[in-house]
Every structure is written in structure tokens, then in C-alpha cells.
**Student:** 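The structure under discussion is supplied below as C-alpha cells; questions concerning it will follow.
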Amino acid sequence: MEDYPSKQSPENLDDPPNSRLFVVTSRSITEDELRESFSVFGDIQGVWVVKDKQTKESKGIAYVKFSKSSQACLAMEEMHGKVLVEGTKPIKVFIAQSRSSTRHRDVEDEELTRIFVMIPKTFSEEDLKKIFKEYGEIEYCVIIKNKFTGESKGLGYVRYYKPSEAALAIENCDKTYRAILAEPRSKAASTEDYSGGAARVDYSADPGNYLVMDYRSGDFTRCLMMSTRAALTQEQIFALFDIIPGMEYCELQRDAYGMSKGHALIRYSNLGSAVYAKEKLNGFEYPPGNRLAVNFVDDGEDRTSPVGRMALQFVAAQMMSAVWNGPSSSQVMKPPGFSTVSPMPRIQTDVNLPPLKKLAPPDSKAKERLFVVFSPSPLPLDVLEDVFCRFGSLIEVHLVPGRKVGYMKYADKQCADDAMAALHSRIVNGVKMKVMLADPPREESHKRPRTY
């Protein structure tokens with residue numbers, strides 16, 4: 001694999017941040033063709049086509065370095081999915097990860113559109129919007145306030161619709177605002193300061209106010225069931241629901257092997273808190289891209305009793321079957337007042353997958369290996385096999401114990417290329433995958449192979 005030219009030192013590749021593109025393209029695309037196609041978006045400091053060490057042939061991956069982040073973001077927005085040369089497949093364009101990053105993933109659009117700024121404490125949201133609207137269309141502005149006094153803390157968020165607009169704001173706004181990209185919302189969702197946008201959770205109201213509303217006891221209970229396709233932990237779920245006062249029970253449902261079933265049971269000490277939690281958290285995205293489903297559960301028993309806990313676990317098992325396995329020949333049983341969710345396919349993804357194909361024989365020689373990084377946690381082996389076998393010639397799936405990475409072995413290079421092009425930076429069952437070509441294993445090295 002070719003290294004970067006010596007005139008471009010590694011520390012300069014990420015200066016400024018998010019100014020380097022990761023491009024998945026056809027192996028026939030040359031460096032000159034990439035430079036010509038991307039030069040219309042700004043000053044290109046370098047183009048590198050990643051090549052095989054032995055054959056010196058292109059691996060279908062390249063990097064394009066711009067002098068400004070806004071130029072790289074604009075190029076990503078305009079070129080993703082475009083065909084560079086007639087007869088070749090559409091390219092995929094992402095902002096490349098930092099070379100010093102230990103997270104091993106590309107930066108998502110969500111993380112490129114929201115900026116964090118320091119402002120005068122007298123600023124209103126309208127003042128904030130007026131200052132920053134010259135750089136692009138704003139989705140929302142939020143001023144961070146003291147939760148006790150309601151006074152501004154002199155800090156705020158501005159969310160744009162496009163990454164290039166956020167980058168322009170950072171590059172060109174008055175330096176006194178000290179504008180930087182904000183941390184991902186998945187990190188901030190449970191903090192006291194963050195709120196904003198259509199997906200935010202507003203805890204400013206008093207849960208007790210819901211007690212005066214006319215709720216029928218058959219439809220509303222103190223017990224909730226939360227469903228998620230992302231691999232959330234018990235601690236994350238507890239922290240999310242504990243923000244609302246009155247939570248007295250929270251348990252993530254697990255199968256016989258200790259794996260999460262994707263459901264949690266939560267009970268509050270009063271009806272008002274439960275109704276408030278359902279109203280505010282049903283449909284909330286946590287982490288971003290994963291929409292939570294929160295429903296009332298009424299099994300007719302005291303939930304603290306052993307019988308009640310068994311009934312709730314039975315409900316969780318039935319919901320699990322309906323969500324992941326689709327409709328079955330038998331009628332799903334449900335207690336009074338409980339509404340089942342609509343059946344969904346076992347594989348939930350944001351990409352159109354080809355039909356299932358047979359695995360290659362186990363003794364097949366591996367012609368290509370893919371290295372996959374999972375966020376927030378690995379998918380089950382059977383799900384990975386289901387997804388990656390659809391491109392043909394898959395030999396086996398291997399997960400590295402104790403780490404959020406794995407390898408996919410293919411008997412055909414083209415099949416591996418097709419899988420990488422289709423699945424890189426995609427989400428399956430709430431888990432984001434970064435799919436890259438893996439270097440040949442080295443006997444004396446225990447480190448993860450470098451992929452660029």
C-alpha cells in the first residue's frame with residue numbers, strides 16, 4: 001500500500017480538521033481523474049490512490065486533501081453517489097477519520113452540522129440566529145441556560161442543514177465566538193445542559209401536571225416498555241429514564257446467554273411520571289439514528305411480585321418475537337391494555353440488500369478480507385453472516401473477542417469490494433459499521449492492521 005508523499009507530513013493531513021476525504025471508487029479510476037473531478041470545489045493539497053503492496057494495483061480507495069474543511073464538506077455533499085467515468089460504479093465520499101483517532105470511524109454528517117459557540121449572556125436565540133444565518137440555512141439555535149435560574153450561560157449551539165455551511169461558519173465568523181464543532185448528541189443526550197431541535201427531550205415541564213389529565217387506568221399505567229434496535233446498555237437506559245423523577249424500577253431484558261433482547265422495562269412511582277416519560281421519550285432518537293419506542297404495559301399484576309416480573313418478561317419475549325422475526329403462524333398473546341408493535345424484518349438497515357446467497361465452502365482460499373469496526377457494539381454472528389453473505393463468496397465471519405471489530409473472509413475479491421462499497425458507513429439493527437479492506441495478517445504483530 002502506497003504511503004503519502006513525503007512533502008505532506010502526517011500531522012498536516014488533518015490540518016485543518018475534517019479537510020480530508022475518504023473515497024470508495026472503482027479500481028480503474030486514476031489519481032488524475034480524481035483530481036480533475038474534485039478540483040472544482042477548492043484548493044487540493046494532495047490526492048492518494050491506495051494500492052496493493054504486491055501488485056501495485058488500485059484497491060478502489062483514495063484520499064483527497066483540501067486546504068479548507070468547508071471545501072471538503074462541499075465536495076462530499078456534491079460528489080457522494082456520482083459517477084466519475086462512464087461505465088464505472090457510483091463513488092462513495094466521506095470525511096476521513098483523523099490519522100491520530102483511536103475511534104476508527106469516519107465522521108458522520110450529524111457530527112459536522114452542529115457548532116458550539118461562546119456568546120454574550122444577553123443574546124437571545126433570535127440574536128444568535130441573526131449572526132450565523134449568513135453562512136447557511138439554520139435548522140435551530142439553542143442557548144444553554146442555568147436550569148435553576150433560567151439565565152444564559154453564555155454558550156449556545158447552532159445546527160445547520162449542511163456540513164459545508166457549519167464549516168463556513170467556523171472558518172469565517174468573528175473569532176470572539178470561538179466556534180467549534182459540537183460533540184455528538186449521543187454523548188450529550190443525558191446531560192443537563194443539552195436540548196435542541198426536533199429530536200430533543202424537553203424536561204422543563206412538571207411531570208406532576210400530567211396527573212390532572214383524564215387518563216383511563218386501562219390504557220395508562222406506571223409501567224413502560226422501551227424497544228430499541230441499537231445495542232444500549234443497562235446504564236444508558238437507566239440514565240435516560242432516571243432524568244424524570246419517580247423511577248423505581250429499570251431492567252434491560254436479556255436472553256439465556258446474557259445478550260440484550262432490545263427491550264427494557266421501566267416503572268415509576270406515580271402515573272404522572274410514567275405518562276410524561278412516554279410522551280417525551282417515545283420516538284426520541286438515542287443514539288442519533290435510533291428511534292426509541294416506548295409503550296405502556298399493563299399485566300394486571302403488581303410488578304414487584306415474582307408473578308408480575310414473570311409476566312413482564314413474557315411480554316418482552318413476545319414483543320421481541322414480533323419485532324425481529326415478523327409475523328408467525330401463532331397468535332401473539334398480550335395482556336389487557338397492551339398494544340403490540342407492527343412486525344418488522346429481522347434485519348433493519350438503511351441500504352437495499354441483495355438476496356441471500358450460499359456461503360463459500362469452508363476450505364475455500366481467502367482472496368480478500370474485510371476489516372469491520374462496529375459502533376456502539378458488534379452485531380451477532382448470524383446477523384453479520386446474513387448481511388455479508390448476500391454479496392457472494394463469503395467464507396466466514398470472525399469477531400475479535402473483547403473488541404468492537406471483526407473480519408469477513410471472501411473467496412472472491414469483487415464480492416468483497418461490492419460488500420465494502422454497499423455497507424461502509426451503513427447502519428444495521430442500530431449498529432454503524434465501518435467496512436475497510438484488511439491488510440494480510442502479520443505473524444509477529446498483534447496490532448490492528450493499518451488500512452491506509
Side-chain angles (χ1 to χ4, degrees), residues 110-111 113-161 165-166 169-170 173-213 215 222 224 226 235-248 250 266 268-288 291-292 294:
E110 165 72 21
E111 299 178 34
T113 54
R114 205 165 57 98
I115 67 174
F116 180 72
V117 295
M118 297 182 67
I119 54 176
K121 292 187 177 182
T122 56
F123 261 34
S124 65
E125 290 185 359
E126 278 303 313
D127 295 328
L128 186 57
K129 188 172 185 178
K130 188 182 299 183
I131 293 294
F132 284 91
K133 68 179 182 181
E134 68 172 286
Y135 306 109
E137 188 177 359
I138 293 175
E139 183 177 348
Y140 64 77
C141 293
V142 176
I143 291 179
I144 300 175
K145 298 179 180 180
N146 186 295
K147 68 177 181 179
F148 299 108
T149 66
E151 295 179 351
S152 169
K153 290 187 175 182
L155 304 169
Y157 292 101
V158 180
R159 170 73 182 274
Y160 289 91
Y161 283 99
E165 297 169 343
I170 291 174
C173 74
D174 193 301
K175 300 307 177 185
T176 59
Y177 294 114
R178 299 185 183 180
I180 59 172
L181 281 176
E183 288 291 330
R185 287 193 298 174
S186 58
K187 290 184 177 180
S190 61
T191 67
E192 65 180 40
D193 286 336
Y194 175 71
S195 62
R200 73 184 182 208
V201 184
D202 180 10
Y203 297 104
S204 58
D206 181 6
N209 292 338
Y210 282 80
L211 289 170
V212 300
M213 301 180 70
Y215 291 131
R222 294 183 296 145
L224 303 172
M226 184 214 70
E235 291 74 17
Q236 288 173 318
I237 298 170
F238 186 96
L240 189 62
F241 282 84
D242 192 48
I243 296 175
I244 299 168
M247 189 184 74
E248 59 181 18
C250 176
I266 302 98
Y268 289 90
S269 60
N270 62 84
L271 177 61
S273 291
V275 172
Y276 186 76
K278 198 270 183 186
E279 292 286 331
K280 293 302 178 182
L281 293 175
N282 184 39
F284 177 64
E285 289 191 3
Y286 180 76
R291 194 176 296 275
L292 303 179
V294 182

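When reading the values below, keep in mind they use all heavy atoms of this one structure, side chains included, and skip hydrogens, waters and symmetry mates. Index from 1, following the sequence.
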**Student:** Provide the closest heavy-atom pair for Pro245 versus Tyr268 in the form atom of the first, atom of the second, distance.
**Tutor:**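 Looks like O-CD2, 3.9 Å.
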**Student:** Do any N or O atoms from the side chain of Arg291 and from the backbone of Gly283 form a donor-acceptor pair under 3.5 angstrom?
**Tutor:**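 It does hold such a pair.
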**Student:** State the NZ-CD1 distance between Lys133 and Ile138, to the nearest 0.5 angstrom.
**Tutor:**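 Lys133 NZ to Ile138 CD1: 8.5 Å, rounded to 0.5 Å.
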**Student:** Measure the spacing between NZ of Lys278 and CD1 of Ile244 and express it to the nearest 0.5 Å.
**Tutor:**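 Interatomic distance, Lys278 NZ to Ile244 CD1, rounded to 0.5 Å: 12.5 Å.
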**Student:** Show your reasoning for whether side chain to side chain contact (heavy atoms under 4.5 Å, CB included) applies to Met226 and Leu281.
**Tutor:** CA-CA 9 Å; Met226 184 214 70; Leu281 293 175; over 6 Å; no
**Student:** Who passes ring pair (Phe, Tyr, Trp, His ring centres under 6.0 Å) against Phe132, sequence neighbours left out?
**Tutor:**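 Only Tyr177 meet the ring pair (Phe, Tyr, Trp, His ring centres under 6.0 Å) criterion with Phe132.
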**Student:** Is there a side-chain contact between Glu285 and Leu292, using heavy atoms and a 4.5 Å cut-off?
**Tutor:**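 Of all side-chain heavy-atom pairs linking Leu292 with Glu285, none is under 4.5 Å.
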**Student:** Once you round to the nearest 0.5 Å, how far does NZ of Lys121 lie from CG of Asn146?
**Tutor:**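 Rounded to the nearest 0.5 Å, the NZ-CG separation comes to 9.5 Å.
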**Student:** Looking at CD of Glu125 and OG of Ser152, how far apart are the two atoms once the value is rounded to the nearest 0.5 Å?
**Tutor:**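 Here the interatomic distance stands at 10.0 Å.
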**Student:** Going through the checks in order, is the side chain to side chain contact (heavy atoms under 4.5 Å, CB included) test met by Arg114 and Leu181?
**Tutor:** CA-CA 6 Å; Arg114 205 165 57 98; Leu181 281 176; over 6 Å; no
**Student:** Check the pair Ile119, Asp127 against side chain to side chain contact (heavy atoms under 4.5 Å, CB included), reporting the backbone distance first and the verdict last.
**Tutor:** CA-CA 10 Å; Ile119 54 176; Asp127 295 328; over 6 Å; no
**Student:** Do the side chains of Phe284 and Leu240 get nearer than 4.5 Å, heavy atoms only?
**Tutor:**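 Contact flag for Leu240/Phe284 side chains = yes.
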**Student:** Can you name the closest pair of heavy atoms from Ala179 and Ile170 and give their distance?
**Tutor:**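 Closest pair (atom of Ala179, atom of Ile170, distance): O-CG2, 3.6 Å.
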**Student:** Output, in order, the C-alpha distance, side-chain angles, deciding distance and verdict of side chain to side chain contact (heavy atoms under 4.5 Å, CB included) for Val294 and Phe241.
**Tutor:** CA-CA 11 Å; Val294 182; Phe241 282 84; 4.1 Å; yes
**Student:** Can you name the nearest heavy-atom pair linking Ala274 to Leu224, along with the distance?
**Tutor:**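 Reported closest heavy-atom pair: O-CD1, 3.7 Å.
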**Student:** Who passes ring pair (Phe, Tyr, Trp, His ring centres under 6.0 Å) against Phe116, sequence neighbours left out?
**Tutor:**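 Per chain and number, Phe116 pairs via ring pair (Phe, Tyr, Trp, His ring centres under 6.0 Å) with Tyr157.
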**Student:** Measuring from Asp174:CG to Ile131:CD1, what's the distance to the nearest 0.5 Å?
**Tutor:**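 Here the interatomic distance stands at 8.5 Å.
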**Student:** To the nearest 0.5 angstrom, please state how far the CD atom of Glu139 sits from the NZ atom of Lys129.
**Tutor:**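 If I round to the nearest 0.5 Å, the distance is 10.5 Å.
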